[in-house]
Amino acid sequence: MQAPSVGGVMLPRGNGDTIRLSRGASLTDFAEKIGANPASLVAVMMNLGEMVTATQSVSDETLQLLGGEMNYQVQIVSPEEEDRELLESFDIEFGENEGGEEMLVARPPVVTVMGHVDHGKTRLLDAIRKTNVVAGEAGGITQHIGAYQVTTEVNDEDRKITFIDTPGHEAFTAMRARGAKSTDIAILVVAANDGVMPQTIEALNHAKAADVPIVVAVNKIDVEGADPTKVRGQLTEFGLVAEEYGGDTMFVDISAKQGLNIDKLLEAVVLTADAALDLRANAEQDAQGIAIEAHLDRGRGAVATVLVQRGTLRVGDTMVAGDAYGRVRAMLDDKGQNVEEAGPSTPVLVLGLTNVPGAGDNFLVVDEDRTARQIAEKRAARERNAAFAKRTRRVSLEDLDKVLKAGLVQDLNIIIKGDASGSVEALESSLLQLDVGEEVEIRVLHRGVGAVTESDINLATGSDAIVIGFNVRAEGRATQMAEREGVDVRYYSVIYQAIEEIEAALKGMLKPEYEEVELGTAEIREIFRSSKLGNIAGVLIRSGEVKRNTKARLIRDGKVIAEELNIVGLRRFKDDVTEIREGFEGGINLGNFNDIKIDDVIATYEMREKPRG
């Protein structure tokens with residue numbers, strides 16, 4: 001049916017028909033679906049009070065509004081559905097074992113460790129792997145996600161178990177849920193002295209939602225006040241009944257600190273897998289699986305930890321992971337050894353991707369490089385359109401409360417950059433779950449791995465976004481550009497500090513008393529070794545001025561390597577000086593800190609009181 005709509009131009013009007021559009025579609029995409037001229041749809045939107053160009057990505061709400069006006073039911077295709085349709089267009093089936101039953105072989109169980117913060121999840125993984133991952137973590141919280149494989153002996157037979165290591169802060173509920181989806185069995189860690197806590201229940205609910213069997217590790221049995229029996233009683237209320245009480249859940253009393261009964265816990269995992277699950281996969285097909293973690297490495301480029309779920313991944317295979325693709329140049333196992341192939345349930349570090357995939361992205365092996373590139377480019381375009389559709393205005397955390405009250409904004413737009421995709425995704429899911437009432441909505445416009453770049457500042461400028469740098473800094477002219485454009489850039493090294501600050505800003509409670517002011521940056525050109533003073537950095541001052549006795553941080557390849565350093569000594573030729581200005585060379589002594597390399601950047605700053613107003 002044709003009906004006049006704008007300026008006498010006849011527009012095809014629907015009969016309540018359903019049209020399917022992807023997230024971030026444009027008016028041109030809409031016009032193609034209904035056989036209309038895009039310019040006439042621009043006119044319709046103007047009549048509705050919306051100024052939109054024909055090729056601009058628009059929000060779901062705008063598409064629904066236009067659909068209602070044109071008498072069409074608009075169905076926004078979910079990213080998962082769109083991805084499935086994209087793969088089907090290349091005759092690829094994801095998540096299916098090719099071949100019949102005879103092709104399936106046994107695979108190791110994949111285990112996620114869950115539980116309340118400080119109940120010993122990281123220390124348990126530590127005890128299992130006999131390595132130390134606690135020391136390098138800011139605030140003692142697991143900031144990155146990795147995967148590790150261990151071997152245990154059960155009934156005189158060596159059995160492998162794969163562990164996925166997920167972040168430990170209580171806000172990472174979405175992260176835990178994603179971990180459980182790629183998991184066969186969950187180990188629920190409960191401290192014998194604390195018992196069941198809120199996060200214990202939260203983790204338990206995620207494991208149940210993912211329909212995975214649970215093994216309970218009752219930790220800290222060596223601590224005063226430990227009561228493992230009480231833990232068993234408490235968990236009975238949540239449907240976890242111990243075997244000794246007539247249930248089917250295995251409970252193991254352990255001490256991760258002392259290394260007690262770790263072997264019994266691993267045995268319980270294997271026995272639970274044998275009893276409750278049919279863990280088999282086809283090892284002969286092209287590999288498919290999930291990217292667990294990914295980051296940029298200075299020497300090796302984009303590296304991703306992937307978990308092979310079916311098939312066998314080999315060096316030389318062409319793979320697509322999210323919007324990244326490439327030929328597998330090399331693979332390393334969790335001990336850093338080179339491997340040629342990885343079968344089902346095996347985690348490996350992959351080198352050779354064009355860019356950094358997101359944590360949780362599916363990966364698959366395809367026959368041709370061209371196919372991989374096409375899939376990756378279409379996924380990237382989809383992500384880009386969805387991000388552009390969310391753009392609005394610019395604001396800073398300090399004046400957020402004022403502009404909210406004035407009704408100037410209803411959305412807080414955020415751009416997140418971090419040192420690894422697991423951290424970025426954890427931070428994003430935590431921020432999106434903040435409950436700040438109905439006045440404001442948080443939107444993550446873009447997230448990525450690596451330093452804050454000029455293109456990030458450009459996006460923030462055009463969409464009034466706040467930029468969050470997690471364990472990374474701005475590179476090149478991005479800092480000056482942010483200052484010039486008035487973009488609020490925030491740096492954090494512990495995730496919950498970012499969450500707390502943004503939540504406080506949204507609730508109008510942010511009253512910063514001090515702010516960090518950058519004084520100057522120095523690039524290390526040479527390193528001089530002194531038996532008395534340690535390593536002295538021969539530097540060129542790139543910006544501002546460097547002063548003695550100020551605070552500093554060391555930046556390597558855009559990432560913060562060390563915080564809270566002090567400029568202990570400053571020299572020009574043979575003279576001790578109090579400051580060196582931009583363009584001059586000199587020597588810097590960072591006291592006891594000696595881990596410096598040529599091309600590192602020393603950034604100095606001081607904390608200045610900020611007037612409230």
Side-chain angles (χ1 to χ4, degrees), residues 107-113 121-122 125-126 128-129 131-133 136-137 142-150 160-168 172 175-176 178-184 287-315 317 319-365 418-427 447-450 470-471 559:
R107 64 172 179 82
V110 179
V111 178
T112 298
V113 179
K121 298 182 298 296
T122 301
L125 280 164
D126 200 18
I128 290 168
R129 297 199 310 271
T131 59
N132 192 342
V133 296
E137 293 170 5
T142 312
Q143 304 288 0
H144 297 171
I145 300 172
Y148 316 88
Q149 197 166 66
V150 298
K160 287 182 178 176
I161 304 172
T162 298
F163 284 89
I164 294 180
D165 180 6
T166 51
F172 302 161
M175 210 60 168
R176 287 212 192 96
R178 198 210 62 214
K181 283 170 194 164
S182 54
T183 299
D184 301 314
Q288 296 180 352
I290 190 168
I292 293 166
E293 172 59 298
H295 65 277
L296 276 173
D297 184 282
R298 184 170 188 172
R300 300 183 292 190
V303 295
T305 303
V306 301
L307 176 69
V308 180
Q309 293 176 313
R310 61 198 70 82
T312 300
L313 183 63
R314 297 177 175 86
V315 173
D317 282 348
M319 70 185 288
V320 190
D323 60 359
Y325 69 96
R327 190 164 288 212
V328 179
R329 205 168 63 236
M331 291 194 300
L332 306 174
D333 63 15
D334 53 344
K335 297 168 191 68
Q337 306 295 317
N338 276 297
V339 291
E340 290 299 312
E341 58 180 44
S345 294
T346 305
V348 282
L349 194 73
V350 171
L351 279 64
L353 294 175
T354 50
N355 57 300
V356 180
D361 282 349
N362 292 320
F363 84 81
L364 58 132
V365 167
D419 56 342
S421 52
S423 309
V424 172
E425 183 155 331
L427 184 51
R447 64 171 194 258
V449 175
F470 180 73
N471 268 340
K559 292 184 184 178

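All values reported here derive from a predicted model rather than from experimental measurement.
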Atom [atom1] in [X], atom [atom2] in [Y]: separation rounded to 0.5 Å?
X      : Y      : atom1 : atom2 : result
Leu349 : Thr305 : CG    : OG1   : 5.0 Å
Ile164 : Thr183 : CD1   : OG1   : 4.5 Å
Met331 : Arg314 : CE    : CZ    : 9.0 Å
Phe163 : Ile128 : CZ    : CD1   : 3.5 Å

> According to the salt bridge (charged side-chain N to carboxylate O under 4.0 Å, His left out) rule, which pairs have a member within residues 343-352, sequence neighbours left out?
Replying inline: none

Main-chain N/O of [Y] paired with [X] side-chain donor or acceptor, under 3.5 Å:
X      : Y      : result
Asp184 : Val110 : yes
Thr354 : Tyr325 : yes
Glu293 : Ser421 : yes

> Quick one: salt bridge (Lys or Arg N to Asp or Glu O under 4.0 Å) partners of Arg329, sequence neighbours excluded?
Replying inline: none

>> List the residues meeting salt bridge (Lys or Arg N to Asp or Glu O under 4.0 Å) with Asp333, not counting sequence neighbours, and say none if there are none.
In response: none

>> Under the rule for side-chain hydrogen bond (donor to acceptor under 3.5 Å, both in side chains), what residues qualify as partners of Arg447, not counting sequence neighbours?
In response: Glu428

> Do you know the tightest heavy-atom contact between Ala291 and Phe363?
Replying inline: N-CD2, 4.5 Å

Under the side-chain contact (heavy atoms from CB on, under 4.5 Å) test, which residues partner [X], sequence neighbours left out?
X      : value
Thr346 : Gln149, Ala342, Val348
Leu296 : Ala302, Val356
Val365 : Asp286, Ala287, Leu313, Asp317, Met319

>> Side chains of Ser345 and Gln309 only: does a donor on one sit below 3.5 Å from an acceptor on the other?
In response: no

> So which of Val306, Val303, Val315, Leu332 actually passes side chain to side chain contact (heavy atoms under 4.5 Å, CB included) with Val350?
Replying inline: Val306

